[in-house]
Amino acid sequence: VQLQASGGGLVQAGGSLRLSCAASGRTLSRYNMGWFRQAPGKEREFVGYISSGGSTNYADSVKDRFTISRDNAKTTMYVQMNSLKPEDTAVYYCAAGRYYVSGRSGDYEYWGQGTLVTVSS
């Protein structure tokens, strides 16, 4: 599975962005999908996931602000990010895993290249 994240950019605090993660090579329907992010000088952290069955879970830091969805027919996953804060500034990565649904990056076998989100204050 090849993943490509897109949709990042510069936004003011309080604004919104929608990131996309497009897959090529095969359908996403059997994969658990996750979003992770890495801020400058920090380790990669879990943002949220959506299971192959459609259940979602989010990090406390983004709960009630971010919403993950997927369109298996279009082999695409999304994250709608609202009420963005400067601390949301990071490179956002999408990932796919066949066997586990979790917030652990090691449980995901396939990764996209990342898209930069910058939130100005």
Side-chain angles (χ1 to χ4, degrees):
V1 176
Q2 293 181 322
L3 303 174
Q4 183 167 359
S6 62
L10 174 64
V11 64
Q12 289 188 333
S16 298
L17 278 177
R18 188 177 81 156
L19 305 184
S20 299
C21 176
S24 61
R26 63 186 67 181
T27 179
L28 286 176
S29 61
R30 295 184 179 183
Y31 290 84
N32 303 303
M33 304 292 297
W35 285 100
F36 292 79
R37 67 186 181 185
Q38 187 167 17
K42 295 187 177 181
E43 294 187 351
R44 189 173 298 187
E45 66 174 3
F46 168 71
V47 173
Y49 67 67
I50 184 166
S51 72
S52 59
S55 61
T56 56
N57 190 33
Y58 301 92
D60 288 343
S61 60
V62 306
K63 200 170 293 184
D64 300 325
R65 299 189 298 121
F66 289 14
T67 302
I68 296 173
S69 60
R70 63 193 298 163
D71 184 336
N72 289 333
K74 294 185 177 180
T75 66
T76 304
M77 173 182 65
Y78 307 94
V79 58
Q80 176 67 42
M81 306 187 297
N82 299 327
S83 303
L84 283 162
K85 304 175 181 180
E87 51 264 44
D88 294 318
T89 295
V91 177
Y92 284 72
Y93 298 89
C94 59
R98 182 66 189 273
Y99 303 106
Y100 302 102
V101 55
S102 79
R104 296 184 297 270
S105 59
D107 286 340
Y108 295 85
E109 298 101 276
Y110 306 100
W111 289 82
Q113 85 289 0
T115 185
L116 176 63
V117 172
T118 303
V119 184
S120 63
S121 59

Legend entry - Short N-O contact, E109 and R98, less than 4.0 angstrom: no
Inset, instruction - Fit a plane to each ring of Y92 and F66, take the angle between them on a 0 to 90° scale, and name the class: parallel (under 30°), tilted (30 to 60°) or perpendicular (over 60°). - result: tilted
Legend entry - Aromatic ring pairing Y49/F46, orientation class (parallel under 30°, perpendicular over 60°, tilted between): tilted
Legend entry - Donor-acceptor contact present, side-chain T89 to main-chain V119, <3.5 Å: yes
Legend entry - T75 side chain to A23 backbone, donor-acceptor under 3.5 Å: yes
Legend entry - F36/Y93 aromatic ring centres below 6.0 Å: no
Legend entry - With I68, the side chain to side chain contact (heavy atoms under 4.5 Å, CB included) member among N57, L19, I50: I50
Legend entry - Side-chain donor-acceptor pair present, T76, D71, cut-off under 3.5 Å: no
Inset, instruction - Could you tell me whether the side chains of N32 and S51 share a donor-acceptor contact shorter than 3.5 Å? - result: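 Per modelled atom types, N32 and S51 side chains form no pair under 3.5 Å.
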So, taking the atom named [atom1] in [X] and the one named [atom2] in [Y], what distance separates them when rounded to the nearest 0.5 Å?
X	Y	atom1	atom2	answer
T67	Q80	OG1	CD	7.0 Å
E45	S105	CD	OG	11.5 Å
L28	S52	CG	OG	11.0 Å
C94	R37	SG	CZ	15.5 Å

Legend entry - CA sep, side-chain torsions, deciding dist, call: Y31, V1, side-chain contact (heavy atoms from CB on, under 4.5 Å): CA-CA 10 Å; Y31 290 84; V1 176; 3.5 Å; yes
Inset, instruction - Would you check, one step at a time, whether the test side-chain contact (heavy atoms from CB on, under 4.5 Å) holds for R70 with M33? - result: CA-CA 9 Å; R70 63 193 298 163; M33 304 292 297; 3.8 Å; yes
Legend entry - Cation-pi check, R44 onto W35 ring (under 6.0 Å, within 45° of axis): no
Legend entry - Those residues that, when tested against R65, pass salt bridge (Lys or Arg N to Asp or Glu O under 4.0 Å) (two or more places apart):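 Listed in chain order: D88.
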Legend entry - Counterpart residues, ring-ring contact (aromatic ring centres under 6.0 Å, His included), relative to Y58 (two or more places apart): none
